[in-house]
There are 2 protein chains.
Amino acid sequence: MKLVCPICGKTYDEPVQRCECGEPVEFEPFTGEPYIGKTVWERFWDFWPVEPELELSLGEGDTPLVRSKLGEEFGIRLYLKNETVNPTWSFKDRGTFLAMGYALKAGYRAVGTVSTGNMAASVSAYASRFGLEAKILVSESAGDEKLKAVSVYGGDVIRVRGDYGKLYFESLKLGERLGVYFINSDNPFRIEGYKGIAFEIAEELTPDYVLIPTSSGGLFRGIAKGFIELHESGLIEELPKLIAVQAEGCSPICRAFKGGKERIERFDNPKTIAKAIANPYPPSGNAVLKLLREFGWGCVSVSDGEILDAQRKLAREGLFVQPASATGVAALRKLDLPEGAKVVSILTGSGLRTLRNAPAGEVRECPLERLEDCLR
Amino acid sequence: MKLVCPICGKTYDEPVQRCECGEPVEFEPFTGEPYIGKTVWERFWDFWPVEPELELSLGEGDTPLVRSKLGEEFGIRLYLKNETVNPTWSFKDRGTFLAMGYALKAGYRAVGTVSTGNMAASVSAYASRFGLEAKILVSESAGDEKLKAVSVYGGDVIRVRGDYGKLYFESLKLGERLGVYFINSDNPFRIEGYKGIAFEIAEELTPDYVLIPTSSGGLFRGIAKGFIELHESGLIEELPKLIAVQAEGCSPICRAFKGGKERIERFDNPKTIAKAIANPYPPSGNAVLKLLREFGWGCVSVSDGEILDAQRKLAREGLFVQPASATGVAALRKLDLPEGAKVVSILTGSGLRTLRNAPAGEVRECPLERLEDCLR
C-alpha cells in the first residue's frame, strides 16, 4: 500500500487519511487490464487498493448511461450517468463499499462519517451490511425528516452543535484516537471507489467532456484518477476534458481557479439550493485545483435559477435528481462546447431525498362522474 | 400479436386490455434462446411482444440480486432481488417501458394510469421520456407530498373524487373512447416487462422459491410467465415454487385460495401499512388464483407488525424498502421452507417514497466540545 500527497509529494506506506502538510493523500496510480465479469469490481480487478468484498456488495455501481435530448439545442451528444440507481440512491455507495471493506479487513469495529445527506445514508447502510458500528455526525441544521432516511439503517446518528466546518478535521483526529475509521468525503479508499464511474463510461464511449458536480472534490478526484489510470494503462487513447461544476452561491474552487490562485479560500456565507455541493471549504479543493491546471480542465459555476431549470428539464426526460445533480446540465449553457462533442454529465443522487424543494407540477381535481371531460 | 384470456381461453388478434369475460388477457407464451447483450432487453430479445425502444430506455431492469443473512435463522439461502434501483425506484419501470413502446408504435399521443404511488411516477416519467402526454389518475386520499414525486415528471395529474375502485375499469373504457392508452397495473405489455425479473434471476441461480408481494396480481403474473417461458424454452429444468405474499389487512387472493374458491371476492375495509399492495379487488386476482392452483404454488399473508419488523431488518442489511416490499421477508417465518432451499424475495420499491412511516432510529444530540465523549 503506497499513498502519496498530490500537493507536496510526500509518500506513506500505510493508509493515512491526510498528509502532514494538511492535504488529502491518494493511492499511487494503478495500471492493469480489464477482465470479463458481471460487476465493475470484477472487470477492473487490477485497479482497486483492497480486494472488494463481493459477498457483502449491495450491487453498487454498474449504473446506466442514458442518452439525453437535452444536448440537442447545444449541438452536442449528451449522456447522463445515472448514479441515482445505486443501493442508497447516490454515487457515494461506490466509495463507501470499498472503504468499508478496508475498515473490515483492518480490524476496525466502528466506522463514521460527517454528512447530512447521501453520504450519511450510504455509510449507515453499508456499516450495517458489514456488521460494523456506525457513528454518523450531522450538523445542527439537519432536519428530522432527512435524518429518518439515515437512522433507518441503524447507525448511531449524532447531531453535533457547533462549527460544522471543524467537524471534518475533528472527526479524523478523534477517530484515530478512538479506533473509529472515518470515511469522510475524500477518504482515499472512497476516491478509489469513484474510479468505477470513469471505467464504466469508458466501456461504453469515448467522451470529450465529463461534467462533475463538485463540492468536497472527492468525486472529481475519483473520476479523474479513473480516466488517468485507463490512459496510463493504454486502455483509452485520450483523456476527456473534466469540468468541475459548482453552485454560484458556493464556488470556492471556481473562484480560486479563475483568480489564478494556488489555494482555495473559505467561501463566506454560502447560499444555494444545491445543498449536497455546498461545502464552503472543500477538503480536496487544492487537489482539484491542481488537476484543473495540470490537465487544462475547467470549472464552471451556475446559479440557483439555472439549477432549478435543469432539474425540471431532467425530470421531463424521466430522471428526477436532486438540485446538485442538475448542475452539470445547467452548465451546458455556459460552456459553449464544440459541435458534435460527446459529453457525459454525472447525476449524483435521487430527487426523492430533497422532495420538499422539487419543481413539482400542478394537480387537478375532478369528480369521477366528470372524468371524461377531465381527460379530454 | 396473439393474446389469450387465461380464464376463459378466448383469443384475440389485437392487443385488447381485457377479455369480454371481464378477465385480463395475456400474450401467448414466447419461446426462444438467450443472446449476449448488455441489457435484459437484448439478452432475451426473443421474448418481448414488441421491439424494445432501446434508444429511449432509462436503464430499467438488470437489478442486483443480493445475498442476505436474513435466511440464516430459517436454514435457507436467501437472495433479494433489489428492484428499488430502477430509474423511478420501483419494478414498475420494466413494464412501463415496454408498454410505452407499444403506445408510441401504435400511434397514441397520450397514455394514462390509475395509481397513487410507484406506477404513477413510473408512467409520468416514461411518458415524458417518450414524448407522450400522460393522464395520471390518483385517488382523493393521495397526499400532496407523495404527488410531488409524480407531478415533477410533468404529467397531467388528476385527483379523482369518487369510488377509487371503479377508476380502473372506468379508465380503460374512457381511454379507448378518447385515444388515451391506459397502462394500468395488469396491462398485457406491462406483464411482459416483468418477465425480465425471472430471466435475470435465472441467469444467476436456480431458485427453489420466489416470494412476490402481490396486489393487483400483475407482478406475480409477469414473473410466473417469465419462468414458464424459460421452462418451455428448455432454458431451465424446473419451475421454482412461486409464493404470492399479501398483507393480512388486505388479502383477497390468499383468502380465496385458502377457502378453495374459484373467484376472489372484494376484501371489505382493507387496512394495512403496506399501501402499495392494498388493492381490495385485484383485477388479476382470478388469474393469479388459477396459477396458484395449476402449479401447486402458495399464498401467504403477513401482519403489519411482521411487515414493519421485516422492513427494519432489511434496512439493517443496507436495503431500505417500502413496507409492501418487506412482505416477502416477513413471510419467511410462516413458510417453514426446507433446509438449504434457495429463496428469492422481490424488493419492489424504495423506502424513500414512504419516508413518513419509516422505522427510523434515534438521533442523539452532542455539543462539539464534548464530541469525544459522545463517540466513545
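Any value given below was found using the heavy atoms of this structure, including those in side chains, with hydrogens, waters and symmetry copies removed. Chain A is the first sequence line, chain B the second, and so forth, proteins listed ahead of strands; every chain is numbered from 1.
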Classify the ring geometry of B/Phe320 against A/Tyr153: parallel below 30°, tilted from 30° to 60°, perpendicular beyond 60°.
perpendicular

Is A/Ile136 close to chain B through its backbone or its side chain, or both, or neither, when contacts mean heavy atoms under 4.5 Å?
neither

Contacting region of A/Arg370 [heavy-atom separation from chain B under 4.5 Å]
neither

Out of B/Ser151, B/Gly112, B/Ala125, which one racks up the most heavy-atom pairs below 4.5 Å with chain A?
B/Ser151

Proximal component of B/Ser124, with respect to chain A [non-hydrogen, under 4.5 Å]:
neither

Looking only at heavy atoms, what is the nearest atom pair of B/Glu317 and A/Arg129, with distance?
O-CD, 3.2 Å

For chain B, find which of A/Pro359, A/Gly351, A/Ser171 contributes the most heavy-atom pairs closer than 4.5 angstrom.
A/Pro359

Testing the basics here: between A/Leu132 and A/Met100, what is the closest heavy-atom pair and its distance to 0.1 Å?
CD1-SD, 3.8 Å

Tell me yes or no: between the side chains of B/Thr63 and B/Glu83, is some donor less than 3.5 Å from an acceptor?
yes

Is it the case that A/Ser325 and A/Thr348 place a side-chain donor and acceptor less than 3.5 Å from each other?
yes

So, the part of A/Leu147 with a heavy atom under 4.5 Å from chain B: the answer is side chain

So which of B/Pro64, B/Ser350, B/Ala358 has the largest heavy-atom pair count under 4.5 angstrom toward chain A?
B/Ser350

Heavy-atom contact with chain B under 4.5 Å, split by part of A/Lys38:
side chain

Taking side chain as everything from C-beta outward and backbone as N, CA, C, O, which of these in B/Leu319 sits under 4.5 Å from a heavy atom of chain A? Side chain, backbone, both or neither.
both

Option that, when pairs with chain A are counted at under 4.5 Å, heavy atom only, ranks first among B/Arg316, B/Glu365, B/Lys148, B/Arg177
B/Arg316

For the candidates B/Glu369, B/Lys173, B/Arg356, which exhibits the highest count of non-hydrogen atom pairs separated by less than 4.5 Å from chain A?
B/Arg356

Give the member of B/Ala142, B/Gly361, B/Ser68 that has the highest number of heavy-atom pairs under 4.5 Å with chain A.
B/Gly361

Taking every non-hydrogen pair under 4.5 Å, which of A/Val66, A/Val363, A/Asp62 racks up the most with chain B?
A/Val363

For B/Ala127 and B/Val111, the nearest pair of non-hydrogen atoms, with its separation, is CB-CG2, 3.8 Å

So what's closer than 4.5 Å to chain B heavy atoms on A/Asp156: side chain, backbone, both or neither?
side chain

Contact winner vs chain B - A/Cys374, A/Ala360, A/Cys366, heavy-atom pairs under 4.5 Å:
A/Cys366

Top residue by heavy-atom pair count (under 4.5 Å) with chain B, among A/Thr39, A/Asp144, A/Leu368, A/Leu371?
A/Leu368

Quiz question: by atom type and distance under 3.5 Å, do the side chains of A/Thr88 and A/Asp93 form a donor-acceptor pair?
yes

With a 4.5 angstrom heavy-atom cut-off, which part of B/Leu137 approaches chain A: side chain, backbone, both or neither?
side chain

Side chain, backbone, both or neither of A/Tyr126 within contact of chain B (heavy atoms, under 4.5 Å):
neither

Considering only heavy atoms and a distance below 4.5 Å, find which of A/Ser57, A/Ser122, A/Ser128 pairs most often with chain B.
A/Ser128

Salt-bridge criterion met for A/Lys135 and A/Glu133 (N-O under 4.0 Å):
yes

Parallel, tilted or perpendicular: which describes the rings of A/Trp41 and A/Phe97, with under 30° parallel and over 60° perpendicular?
tilted

Hey, are B/Gln322 and B/Asn357 close enough side-chain-wise for a donor-acceptor pair under 3.5 Å?
no

Is chain A contacted by the side chain of B/Glu204, its backbone, both, or neither, given a heavy-atom distance below 4.5 Å?
side chain

Check step by step if side-chain contact (heavy atoms from CB on, under 4.5 Å) holds for B/Tyr168 and B/Leu172.
CA-CA 7 Å; B/Tyr168 174 97; B/Leu172 293 184; 3.8 Å; yes

If you count heavy-atom pairs under 4.5 Å with chain B, which of A/Gly131, A/Gly59, A/Gly318 comes out on top?
A/Gly318

Okay, A/Ile158 and chain B: the region with an atom under 4.5 Å from a heavy atom over there is both

Close side-chain approach of A/Lys81 and A/Leu347, heavy atoms under 4.5 Å
no

Is there side-chain contact between B/Gln311 and B/Leu314, with at least one heavy-atom pair below 4.5 Å?
no

